[in-house]
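So you know, we letter chains A, B, ... as the sequences are listed, proteins then strands, and number each from 1. Note that this is a predicted model, so its numbers are computed, not measured.
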2 protein chains.
Amino acid sequence: MPTRNDARADRDFIAGLGKGLSVIECFDEENVSLGVSAVAARAKLSRAAARRCLLTLQRLGYAELDGGLYRLTPRVLRLGFAYIASNELPDLLQPHVDQLSGEIHESCSASILDGNEIVYIARAATKRIMTVALGIGARLPAHCTSMGRVLLAALDPAEAARRIAAAPRKAFTPHTVTRKEDLLQILQQVRQQGFCVIDQELEIGLVSIAVPIHNAAGKTVAALNIGTQSVRFAAADLPARFLARLKAAQKDLKPLINGPA
Amino acid sequence: MPTRNDARADRDFIAGLGKGLSVIECFDEENVSLGVSAVAARAKLSRAAARRCLLTLQRLGYAELDGGLYRLTPRVLRLGFAYIASNELPDLLQPHVDQLSGEIHESCSASILDGNEIVYIARAATKRIMTVALGIGARLPAHCTSMGRVLLAALDPAEAARRIAAAPRKAFTPHTVTRKEDLLQILQQVRQQGFCVIDQELEIGLVSIAVPIHNAAGKTVAALNIGTQSVRFAAADLPARFLARLKAAQKDLKPLINGPA
DNA sequence: CCGGATTGTGCGATAATCGCACATTCTTAG
DNA sequence: CTAAGAATGTGCGATTATCGCACAATCCGG
């Protein structure tokens with residue numbers, strides 16, 4: 001730990017950039033338009049700083065002012081899109097997700113891991129099966145989702161344990177597994193069998209199955225899943241019903257994915 | 001023009017934030033990983049400033065360093081998602097887009113206008129019909145797309161003329177209309193008939209039809225389109241084939257969309 | 001083994017950011 | 001209708017964080 005480097009890092013840290021980004025992240029579904037004070041409170045900035053950020057974002061076209069309330073503009077999509085476009089994964093996966101969903105008439109998604117959360121990078125839904133809508137960029141806790149467990153299982157076990165320990169591990173339903181030891185054991189099992197089935201741990205009535213997606217070098221870079229309703233398929237029946245198709249997609253994709261991603 | 005206000009705006013402009021955002025936007029499909037110098041050149045910053053931004057982004061988890069080259073992390077999706085989540089439109093539109101696409105077995109998308117470009121906010125594809133992949137957040141010039149013309153037609157005519165004049169108006173195919181006067185006349189027609197058909201102006205073999213989506217107050221806030229291949233449907237047949245469905249969706253959505261968006 | 005290019009570092013000067021305190025406007029309640 | 005409360009916009013001096021140059025270290029290609 002080079003204390004010299006840390007000092008350097010502190011010197012070279014642009015405070016204004018960090019503040020501005022937190023300001024952008026202040027906005028969400030429940031906070032479509034925010035005033036200066038609200039932003040300051042949410043981003044933990046002084047009102048003056050929040051105001052400066054907002055003014056700057058407005059001047060750059062990332063936010064607009066409407067009667068004292070600020071709101072984000074479509075331009076911020078450029079930022080997220082900078083990632084989507086710079087990463088081949090979403091483009092590669094989306095067609096497969098579309099096709100898979102079309103063939104089996106069930107919802108199908110792909111996601112990657114970011115900390116303790118999975119992030120949707122491709123998605124195709126037959127109809128809305130969950131109460132929450134999950135578009136590209138949506139986040140869900142990793143510990144209680146089929147894709148999340150597949151992705152955690154692909155990590156170094158110590159790292160996986162660390163992330164699980166750090167996660168809130170909220171119980172969304174009575175079925176949600178939240179004990180750290182249980183989760184680690186499940187991860188072990190997922191690692192061995194090469195897929196993961198979730199039985200109503202995120203939402204009652206929702207079951208899903210996921211497999212890892214590997215790049216050409218064999219590293220897990222994403223997860224692919226099929227989600228459906230428990231009234232249509234019992235969780236125990238998912239492997240027999242869908243695993244072959246998921247494995248086929250997994251195999252098709254592997255040679256197409258180059259980078260270390 | 002309050003010259004006093006401008007001075008104030010200049011004072012309150014956080015340079016670091018603007019620089020950081022341009023740095024993020026440096027990354028795209030052809031530039032997945034960039035070095036400090038490359039970023040500096042692209043964002044038109046001094047190397048020192050670019051380096052500081054990169055370091056800051058890395059510390060905040062928006063970028064990662066891999067052997068001298070920086071790359072964006074999935075975390076930047078949070079930024080774009082701040083917009084998606086804060087705007088009801090994508091969530092409202094996506095299910096309709098999915099359903100429409102499922103029913104008619106053609107690709108279906110929704111987009112909004114940002115300057116001279118349309119931005120995809122919802123999408124469902126049967127198979128990949130275009131050479132380019134268009135995910136959420138993808139941008140296309142407004143002047144030569146069906147949704148773009150519908151959205152431009154909804155603007156104040158003077159404003160539409162201004163944006164068209166400002167746009168590059170590249171001719172993607174021999175069919176692309178690029179003359180300003182012709183485009184304005186087409187807009188007039190679109191405004192009257194309430195929809196727009198494009199015949200291979202963006203890509204040879206690609207035809208599409210779009211209608212505006214209105215909010216409850218009657219203001220156009222998005223566009224909805226169906227795209228297919230000219231070998232399957234002639235452009236002239238699109239209205240008879242698809243307009244009724246699009247209009248139905250338009251009508252269904254209108255009462256659901258509240259805000260001034 | 002040696003250019004050429006790129007990255008990392010140190011440092012002083014400058015100017016940009018900060019946040020307080022006040023004036024102003026808008027909203028809410030009585 | 002008026003007054004209290006809250007939130008926004010403004011001015012300004014001090015501080016400190018940002019800037020970019022110039023040099024050292026490193027990587028890459030010939």
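With rounding to the nearest 0.5 angstrom, the CD atom of Glu64(A) is 12.0 Å from the CG atom of Leu54(A).
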Using a cutoff of under 3.5 Å, can you pull out all pairs of nitrogen or oxygen atoms linking the protein to nucleotides 5-8 of chain D, with atom names and distances?
unit_1	atom_1	unit_2	atom_2	d
dT8(D)	OP1	Val36(A)	N	2.6
dT8(D)	OP1	Ser37(A)	N	3.3
dT8(D)	OP2	Ser37(A)	N	2.9
dT8(D)	OP2	Ser37(A)	OG	2.2

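Environment of NZ in Lys44(B): sparse, with no more than 12 heavy atoms of neighbouring residues, nucleotides or ligands closer than 6.0 Å.
Judged purely by atom type and a 3.5 angstrom limit, Asp28(A) uses its side chain to pair as donor or acceptor with the backbone of Asn31(A).
Here Lys19(B) reaches the OP1 or OP2 of dC19(D): one of its side-chain N or O atoms lies under 4.0 Å away.
Each end of the helix from dC1(C)-dG30(D) to dG30(C)-dC1(D) yields a helix axis from five base pairs, and these two axes differ in direction by 60° (to the nearest 10 degrees).
Between Ala15(A) and Tyr70(A), it is Tyr70(A) whose nearest contact on DNA chain D lies nearer the 5' terminus.
Arg59(B) places its CZ atom 13 Å from the P atom of dA17(D), with the value rounded to the nearest Å. The interatomic distance linking Leu17(A) (CG) with dC18(C) (P) rounds to 12 Å, in whole Å. For Arg42(B) and dT6(C), the CZ to P distance is 13 Å, given to the nearest whole Å. Going from atom CG of Leu54(B) over to atom P of dT18(D) covers 15 Å, rounded to whole Å. Following rounding to the nearest Å, Arg52(B) (CZ) and dA16(C) (P) show an atom-to-atom distance of 14 Å. Going from atom NZ of Lys44(B) over to atom P of dG20(D) covers 16 Å, rounded to whole Å. Taking atom CG on Leu45(A) and atom C1' on dC20(C), their separation rounds to 16 Å, with Å as the unit. Atom CG in Asp12(B) sits roughly 10 Å away from atom P in dC18(C) (whole-Å rounding).
Proximity of Glu25(A) to Phe27(A): side-chain heavy atoms (C-beta onward) are nowhere separated by under 4.5 Å.
In the set dG8(C), dG20(D), dG19(C), the nucleotide with an atom closest to the side chain of Ser46(A) is dG19(C).
When all heavy atoms of Gly20(B) and Leu57(B) are compared, the pair lying nearest together is O-CD1, 4.4 Å.
Under a 4.0 Å N-O distance rule, the pair Asp114(A)/Arg78(B) does not qualify as a salt bridge.
The side chain to side chain contact (heavy atoms under 4.5 Å, CB included) test with Ile213(A) singles out one residue from Met147(A), His96(A), Gln250(A), Lys254(A), and that residue is Gln250(A).
Gln188(A) pairs by the side chain to side chain contact (heavy atoms under 4.5 Å, CB included) definition with Arg191(A), Gln192(A), not counting sequence neighbours.
A cation-pi arrangement, defined by a distance under 6.0 Å to the six-membered ring centre and an angle within 45 degrees of its axis, is absent between Arg52(B) and Phe13(A).
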